[in-house]
Amino acid sequence: MAVGCWLLAVSACSVSYKFNGASIDYSKTKTIQIAEFPIRSTYVWGPMGTMFNNQLKDQYASHTKLQQVKRNGDLKLEGEITHYEQRNKSVSSEGYSSQTELSITVKVRFTNNANHSEDFERDFTGSRSYETTQSLASVQEQLVDEIIKDICDQIFNATVANW
């Protein structure tokens, strides 16, 4: 009898845990439209556009059950890469730059056609530092990859993780 009551109590409760970070009501939201994000930055590193667009699409493909569509998505992401820049971050005791910071900013316009109160337009920025003794060319690909992953995580969390 005790086992029967326990089973009834467990089956009466419905708890939903999402270990991928997404909190999506799949009964209302089934598709996502992710536009290509062009580079609108003054300073450009060619591969970064493709790297960003692929990472953003992969993020949603691997962490949600949303079907990616070309148009009329329940969710819509569009925008552009607006800044790609480096600046001196710290100065050594001799007065020379010792670290340089590389940063990328992406403007995102998010539309949730099931709940327009969640729509937004905002900038997401990521950055990484490197020793000034290194050339940008020698660390650029690795740093851009890390920055893009960070920005895509920020976008994912802001759009479907409700963080």
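Computed from heavy atoms alone, side chains included, the values below leave out hydrogens, waters and symmetry copies.
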> Please check this pair: side chain of Tyr26 against backbone of Lys65, looking for a donor-acceptor N/O pair closer than 3.5 Å.
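Here the side-chain-to-backbone pair exists.
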
> Using only heavy-atom distances, determine whether the side chains of Gln68 and Gln33 contain a donor-acceptor pair under 3.5 Å.
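No.
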
> Minimum heavy-atom separation for Pro38 to Gly79, with atom names?
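Of all heavy-atom pairs spanning Pro38 and Gly79, the closest is CD-O, 3.2 Å.
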
> Is it the case that the side chain of Gln67 and the backbone of Lys30 share a donor-acceptor pair, with hydrogens and angles ignored and the cut-off at 3.5 Å?
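A pair under 3.5 Å: no.
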
> So Lys57 and Glu36, side chain to side chain contact (heavy atoms under 4.5 Å, CB included) or not? Walk me through it.
CA-CA 10 Å; Lys57 290 174 183 173; Glu36 291 292 314; 2.3 Å; yes

> Just by distance, do the side chain of Thr100 and the backbone of Thr132 share a donor-acceptor pair under 3.5 Å?
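Flag not set: sc Thr100 to bb Thr132 has no pair under 3.5 Å.
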
> Looking at Lys149 and Asp153, is any side-chain nitrogen of the basic one under 4.0 Å from a carboxylate oxygen of the acidic one?
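Looking at Lys149 together with Asp153, the answer is no, because their closest N to O distance does not fall below 4.0 Å.
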
> I'd like to know if the side chain of Asp119 reaches the main chain of Asn112, judged simply by a donor and an acceptor atom lying under 3.5 Å from each other, with no hydrogens or angles considered.
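Pair found, side chain donor or acceptor close to backbone of Asn112.
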
> Looking at every non-hydrogen atom in both residues, tell me the closest pair between Glu141 and Trp45 and how far apart they are.
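Where Glu141 meets Trp45 most closely, the heavy atoms are CA-CH2, 3.7 Å.
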
> On a heavy-atom basis, which atom in Phe52 and which in Val106 lie closest, and how many Å separate them?
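Smallest interatomic distance, heavy atoms only, reads CZ-CG1, 3.8 Å.
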
> For Asp74, does its backbone N or O pair with a side-chain atom of Thr31 as donor and acceptor, under 3.5 Å?
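Looks like yes, one N/O pair under 3.5 Å.
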
> Hey, is Lys107 close enough to Glu80 for a salt bridge, meaning N to O under 4.0 Å?
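Between Glu80 and Lys107 there is no salt bridge, as every charged N stays at least 4.0 Å from the carboxylate O atoms.
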
> With sequence neighbours excluded, what pairs up with Tyr60 under the ring-ring contact (aromatic ring centres under 6.0 Å, His included) test?
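Here the qualifying residues are Phe156.
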
> If you take all heavy atoms of Asp150 and Thr125, which pair is closest and at what distance?
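Of all heavy-atom pairs spanning Asp150 and Thr125, the closest is OD2-O, 4.4 Å.
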
> Testing the basics here: between Asn113 and Gly73, what is the closest heavy-atom pair and its distance to 0.1 Å?
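Closest approach of Asn113 to Gly73, heavy atoms only: ND2-O, 2.8 Å.
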
